[in-house]
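Notes to accompany the following structure.
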Number of protein chains: 2
Amino acid sequence: MINQPVFDRMVRKLARRAPLDEADREALISLPFKTKVFAPSSYLVREGTPSEDCTLILNGFTYRQKLTQGGGRQILSVHIPGDFVDLEGSLLNVSDHNLQALTVCEVAAIPRKAVRTLIDTHPRIARALWVDTLIDGSIFREWILNVGRRDSKERVAHLLCEFAKRLALAGLGDEHGYTLPMTQEQLADCTGLTPVHVNRTLKALDAAGVIVRSGRSVSIPDWQRLRDVAGFSELYLHLDQAA
Amino acid sequence: MINQPVFDRMVRKLARRAPLDEADREALISLPFKTKVFAPSSYLVREGTPSEDCTLILNGFTYRQKLTQGGGRQILSVHIPGDFVDLEGSLLNVSDHNLQALTVCEVAAIPRKAVRTLIDTHPRIARALWVDTLIDGSIFREWILNVGRRDSKERVAHLLCEFAKRLALAGLGDEHGYTLPMTQEQLADCTGLTPVHVNRTLKALDAAGVIVRSGRSVSIPDWQRLRDVAGFSELYLHLDQAA
DNA sequence: CGGTACGTTGAGATCGGTCAAAGGTTGTGG
DNA sequence: CCACAACCTTTGACCGATCTCAACGTACCG
């Protein structure tokens, strides 16, 4: 029972991805783990290395990231409390990307072995985790579209929409606004733009009344308007299996 | 045994993703299916719809695709014989993207139900399929990087590298060249460029001696050179678990 | 042999990038 | 509680990679 408060959010999330029975919940709650804390921008996993542990975010935010040969950085996804990051680590031999802390970050590190045993012995949990990675995949696809075919306003607005939805789902904000712990440089790395242009784009969205900024918090006076600007459809978040 | 020749390539591929025993192979080979043929550019799955079947490509190529509100099209992935496409279809309620035939395409349509039963009763197969979707995810991540942070030459060259590797792996070409059944417009939709610019980029790569084109086949006089131009590293293909 | 789809080329426009500097904010140590 | 440093944001001027538009060339197919 000791893990319960810590893993509670994760168990509830997984239970929505696939039905779990009492034994499944027990098994999840009894997973062995060590709590670790990471400073902002420290690495949790590095490209090309195997990972010993599977990481569950308890507090704070992380992101996945890759570099081009020329040093260009692209952020691939942003993760919030309750997310398993590096579930791949349990099944793939080496990591194909870097995993970095966005904010100060408290995580539960679960031994890779324990995860593999869990999924071998609990098919419903395996199913739920698999659905989780499929939804991750869907979000990656949307990001390819975002970065490949939307102009800068749509791109930034779309990212803001996604964060709004996901944070609301995790109980960390709502559709009226939220605090985004990202610098404009990081937003640029999410969208494939430069920091300077992200700045101008945010300013333009603000000037158009689509968002209102103060510091790093964003408020959204008219959600429908932001959606329209972004061309946002939440289908890809598979909320029926995520919420 | 009737399925054997048809499913053979798929079984061999999965067995590399996770160890399978004789019973697993039997179960895979005995999956019920219907063969279907799709004409180029016909839809196998449409965004927003559930899919009744899980699709295994026997011959030909398919691609996943999404549109922006403005009608911009982004290709998200390209699939070759032996690939399961729309495995998501078995676990997610509705599709978040379109699946289209690139060439004439012969597929095995396996009922969604049969797939779900299979994965519930065969944990090793479930594991192999899961690893398959994880590798798909890794490729999506690389595409985000490609489209987000590489310039047009790197982007096109990277795509050509990926196809070379994947086709070679499937026995459909090698590192000296292959035939790419895509129009320049489709290449543009893969890379987030315009067809005109893809044309100029291919011309430039050809002029620089990095590739040699004739019609739709590409030959690669110096693989290392193409890799360098693209900044290609095959780590993300997880060949140790794919090959 | 004509049509349709695809590839190629040129000229000019534009969105977003680059470079550089100034203005804010935050946190820390004295 | 101030002062400074580090980091982040904002702004302007200019640049250039890629897009747009439009025409022409080419290959395949019925």
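These numbers were taken from a predicted model, which means no experiment stands behind them. We name chains A, B, ... by the order of the sequence lines, and we start the count at 1 in each one. Computation of the quantities below employed the complete heavy-atom set of this structure, encompassing side-chain atoms and omitting hydrogens, waters and symmetry-equivalent molecules.
- Between L172(B) atom CG and L167(B) atom CG the span is 5.5 Å, to the nearest 0.5 Å.
- Although no hydrogens or angles enter the test, the distance criterion places no donor-acceptor pair under 3.5 Å between the side chain of N59(A) and the main chain of C105(A).
- Here the shortest heavy-atom pairing between W143(A) and I144(B) reads CB-CD1, 3.7 Å.
- The existence of a salt bridge linking R149(A) and E154(A) is excluded, since no basic side-chain nitrogen approaches an acidic carboxylate oxygen closer than 4.0 Å.
- Between the CG atom in D83(A) and the CE atom in M10(A) there is a gap of 11.5 Å [rounded to 0.5 Å].
- Of all the heavy atoms in Y43(A) and F38(A), the pair that sits closest is O-CE2, 3.9 Å.
- Distance L202(B) CG to dT8(C) C1': 12 Å, rounded to the nearest Å.
- With contacts defined as side-chain heavy-atom distances shorter than 4.5 Å, the pair V45(B)/N98(B) does not qualify.
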Could you walk me through whether H158(A) and E142(A) satisfy the side-chain hydrogen bond (donor to acceptor under 3.5 Å, both in side chains) test, starting with their C-alpha distance in whole Å, then the side-chain angles of each, then the deciding distance to 0.1 Å, before giving a yes or no?
CA-CA 10 Å; H158(A) 196 280; E142(A) 186 68 37; 3.2 Å; yes
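- A salt bridge links E234(B) with K165(B); the closest basic N to acidic carboxylate O contact falls under 4.0 Å.
- Atom CG of D206(B) is separated from atom C1' of dG7(C) by 14 Å (rounded to the nearest Å).
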What is the per-nucleotide protein-contact pattern of nucleotides 10-24 of chain C, from the 5' end, where B denotes a base atom under 4.0 Å from a protein heavy atom, S denotes such proximity for sugar-phosphate atoms only, and - denotes neither?
BB----BSBB-----
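- Taking side-chain N and O atoms only, R216(B) has a distance below 4.0 Å to OP1 or OP2 of dG7(C).
- Scanning residues 178-186 of chain A for heavy-atom distances under 4.0 Å to DNA chain D yields T183(A), Q184(A).
- In plain terms, the two heavy atoms of R64(B) and D136(B) that are nearest each other are NH2-OD2, 3.5 Å.
- Side-chain N/O atoms of N199(B) include one lying less than 4.0 angstrom from OP1 or OP2 on dT8(C).
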Given protein heavy atoms under 4.0 Å, the one-letter contact record of nucleotides 24-30 of chain D, with B base, S sugar-phosphate only and - none, is simply -------
